[in-house]
Amino acid sequence: MVQFIIRRLIAMLLTLFAISFVAFAIIQLPPGDYLTSYIASLAATGDQVDPRVIENLRAQYGLGEPYLVQYWKWLAGILQGNFGSSFEWKRPVTELIWGRLGNSILVEGLAVIVMWFIALPIGIYAAVRKYSLGDYLATVAGFIGLAVPNFLFALILMYLAYTWFGTTLGGLFSPEFETARWSLPRIWDFFAHAWAPVLVLATGGTAELIRILRANLLDELKKPYVVTARAKGLPEWKVILKYPVRLALNPLISTIGWLLPALVSGSVIVSVVMNLPTAGPMLLRSLTTQDMYLAGAIILLLSVLTVIGTLISDILLALIDPRIRYGAK
Amino acid sequence: MPQTPMAAKPLLTINDMSIVFSSPDEADIEAVRQVDLTLTPGKTLALVGESGCGKSVTARAVLRLLDRNAKIPSGKILYDTGAGPVDIARLNSDSLAMRAIRGAEISMIFQEPMSSLSPVHTIGDQIDEIIVLHDRLNKKQARERTISLLDQVGVPGARDRANAYPFELSGGLRQRAMIAMALACTPKLLIADEPTTALDVTTQAQILDLLRQLQDDFGMAMLFITHDLGVVAEIADEIAVMYLGDVVEQGDVYEVFRAPKHPYTQALMNSVPRLMRKAERQRLTPIKGTVPSPKDRPNGCAFTSRCPHAFGPCAEIRPQRTMVSTGHTARCHLLTHEKAEAFA
Amino acid sequence: MAVQSMEQIVPVAVPRRTARESQFGLMWRRFRQHKLALVSLWIVAVFYLIAILAEFLAPVDPSDYSARYTYAPPQGLNFVAQNEDGSWHFGPYVYAYKTEIDPVALRRTFVLDETKRLPVHFFTESEPYRLAGFIPMSIKFMGVENPRDPFYILGADRLGRDLLSRLIHGTRISLSIGLAGVTLSLFFGVVIGGFAGFYGGWFDGAVMRTVEFIRSMPTIPLWLGLAAAMPKDWSALQTYFAITIILSLIGWTELARVVRGRFLSLRTEDFVTAAQLDGASDWRIVTRHMVPSFTSHIIAAATLAIPGMILAETALSFLGLGLQAPIVSWGTLLQDAQNIRTLATAPWLLAPGLCVVVVILALNFFGDGLRDAADPHGR
């Protein structure tokens, strides 16, 4: 098990390294370098540009030096917790992103939990009562969940809430709780706001999870060990929950590997639509204003988040499946 | 029919049982028709036949482990609980009464020890479960019993092996674990569904030995399903030969082997190789043709289409059970129409 | 030395009609049994037809605006009406608008004027235009008698542009970008996945790691980052192609995986070994023996990849980093629906969303049907 985790950790480090490279490439993509834009933005506001400041910055980012040197300086900075600074906000990137990223993690984490809570009972029901009315309903709902893009679902939900109840869904906090410390009222306020985006984010994944769980479980239900469990005299529900469901969960957990990237992707766009104070809208804004160090940092951190989530799911899978833990087939 | 004269009271009596499979787009299929079997404590009944003849279905019906689309429209499965007989055929398959019989009174071992054990639970956990369920012991006591059971069925290092997962054990050990599980609550009847088919020959012999020895120790009745006549000779006291849902011949294993009366039993015997010098060897006589699908089964004797002696009534009239000698019966028109063109 | 040309009797080979069926014939036969997939095929076909005939079908130019009719509600298309004298009117018509002032918000709103019918004609004369950019035409599929009368079957947007016409033109862009993106992805996928699957070894390892890496990244941030780097002064066509390339930068991975998997499983098949023993070259084995046996799978996989492309384009354009106005796509159209208050007054702006859902569903069912038909034992 320890060996397994170490192997996965090494693989993750390599992936992180590759991600940082991609993020840096994106930072470098727009024509012109950071400093030119910075000077331009300062000049636009009529500020005097101190040549010494510029010289310092040039040295700090290694501008004008070879690509790899620049990359190295950027990476070294990140390892010391310095993501560069945002020229739009005129503040270090680190100060800007953590709160936003925290909200992202919160919303996406909740979405994962909600996804599982909805998908598990429905998927089990659909498989055990194959071709029943409930099964057909689940299948149809699943297809619709798959075909309606997140942001469209968000729009429709907001439209319905607005026309029927006159409320505007969106945001994660009421203004008075925006910057308050966590407290019971704030948690309440958070859930009163967060249910909608969490629900929206969870739909696509839920549909997919139900589909996979149903297919897996149908396969597992045919296996002889289910008969063995029945022959023991266990009640039917216990037979199903303890054996085939347990086995059908394994491939389901490994789906987190691609569910998570999709979820993070979806949350960017849903956050924009529903005006959530997460990393998504900030990324969009930084990209449209070409505030590249901020954008690069967000892309980097969102990807890192995904990779860590995948790692957790891998470890979880190994924990519940001895066959993987022991490296057997 | 006094099949076992002077013997103990029968434990399980299957009377005139039929099993029907229904599917939404096809006509119903009668997979087993009017089967009578009797199981007695301490004795082994071997149910023999080719694959698809209904022997596994019959066995599963006893535990009501059939799929949802299978029904037992007629017949009885009378199980003697000690406090009077219970008709298993009329119990609800997920009812409390049925579940109290399953695993505790009647248990079963299966053909594929690998796929019949859950791959993600340890052997010990899977055996503990049944003990906790029926004998209401706590986890710790259950594990002690599990270890002694594993020891009893010849799993070396039982204490450690209890923590092993099925994929860590060999096929033979897995089947031993399976047997330990089946015996965990000292059942009165053990159903063994081709328990040695998936094993290699030496392991096969060991498992058969083990089963025989355990039967001596526990005194349980055994329903042994196989297609291998060699295995039958080794383990069975009685035999019932099935063909396409019919029990064509049944009785004491020596009687039947010595003087098979039904042409199918005879053919089956002739297709088994015997150990002889090369010069003395005879060509095996395989049974002509193939087993028809249950849909095309004749109304009369199921074997009609392949029987070398088929005549007048065979295709249309179902032969009655005819007593050949004490405890030996067969369903064949040849036995009642002696004067017809018998054995021409 | 003259070569004696000899009159040869060439036996005329009469092609025998035997009961052989091509791979695609078989596939089609299996596909047809899939009712849902068959219906989906028709839906997809209709949408692509609309995309091709966009200029002909769209009543007006998508960028024609009219300040008089901002956010005019859908007129719908009616066929039967009762005249004032009690007689019946048959034939397509729409109602004209009348304006009312909302007494509370003091806002001008449009209401359909049910007393005034504007008959609709098919195959009406129009300004000359070029269908698909090169066929000169001057007939539109339908229009109102007087081109000055309002004709907004699906309503109008913020600038009084006809939503139906914009939707039809958006269909062309969104569907074609899906197709172009998949074609490009397919090219990369087949070449890279093919090499990896056929030769294996370190190249295979490297490709598979790359594929896994790309698939473990959240796509939208990545796409956004790439799309943001597009110079603002690029022409519509340049952006269009740039977006296609950006989409396929990630899209090729799935197809490469499928192709590689097929190659790997085929490489050990007996008929490939037989061809190798016969001394066939690698190229011949690949093109003559392996590719034909999985073309149908690739087509199915490619079909199933189109919805993802369409969704991605829609998402990017919706966020304002994909295609830019004046290009009309479903994504750019949905941008107008981003504001919830606007949406509340003009819910018809969500119509492009409905198109997205229908096309995505249809393409998914169609692709599923193709996959099942290509491989009846696959599932």
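In what follows, chains carry the letters A, B, and so on, assigned in the order in which the sequence lines appear, proteins first and then strands, with residues in each chain numbered from 1. Only heavy atoms go into these numbers, but all of them, side chains included; no hydrogens, no water, no symmetry mates.
- In terms of heavy-atom pairs under 4.5 angstrom with chain C, the leader among A:Thr288, A:Ile269, A:Val304, A:Ile298 is A:Ile269.
- Contacts between A:Leu302 and chain C at a heavy-atom distance below 4.5 Å involve backbone atoms as well as side-chain atoms.
- Both the backbone and the side chain of A:Ser303 come within contact range of chain C, each with at least one heavy atom under 4.5 Å from a heavy atom of that chain.
- If you measure heavy-atom distances from C:Leu319 to chain A, the contacts under 4.5 Å come from both the backbone and the side chain.
- Listed by sequence position, A:Phe143, A:Ala147 are the residues of residues 136-147 of chain A in contact with chain C, using a 4.5 angstrom heavy-atom cutoff.
- Between the side chain of A:Trp164 and the backbone N or O of A:Ala161 there is no donor-acceptor pair closer than 3.5 Å.
- With a 4.5 angstrom heavy-atom cutoff, A:Val148 touches chain C via backbone and side-chain atoms both.
- Defined by atom type and a distance below 3.5 Å, a donor-acceptor pair is present between the side-chain atoms of C:Ser174 and C:Glu313.
- Contacts of C:Leu222 with chain A are made by both backbone and side-chain atoms, with heavy-atom separations under 4.5 Å.
- Atom CZ of C:Arg215 is surrounded by more than 12 heavy atoms from other residues, nucleotides or ligands within 6.0 Å.
- Both the backbone and the side chain of C:Leu224 come within contact range of chain A, each with at least one heavy atom under 4.5 Å from a heavy atom of that chain.
- Going from atom OG1 of C:Thr210 over to atom CD1 of C:Ile192 covers 8.5 Å, rounded to the nearest 0.5 Å.
- When heavy atoms are compared at a cutoff of 4.5 Å, A:Leu287 approaches chain C by way of both its backbone and its side chain.
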Side-chain donor-acceptor distances from residues 14-26 of chain A under 3.5 Å, at least two apart:
| unit_1 | atom_1 | unit_2 | atom_2 | d |
| --- | --- | --- | --- | --- |
| A:Thr15 | OG1 | A:Ala11 | O | 2.7 |
| A:Ser20 | OG | A:Phe17 | O | 2.6 |
| A:Ser20 | OG | A:Tyr71 | OH | 2.6 |

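- Across all their heavy atoms, A:Ala279 and A:Leu101 have their closest contact at CB-CD1, 3.8 Å.
- To the nearest 0.5 Å, the span separating OG on A:Ser267 from CE on A:Met274 amounts to 12.5 Å.
- The nearest pair of heavy atoms linking C:Leu334 to C:Phe318 is O-CE1, 3.5 Å.
- The CG atom of A:Leu160 lies 9.5 Å from the CG atom of C:Leu343; values are rounded to the nearest 0.5 Å.
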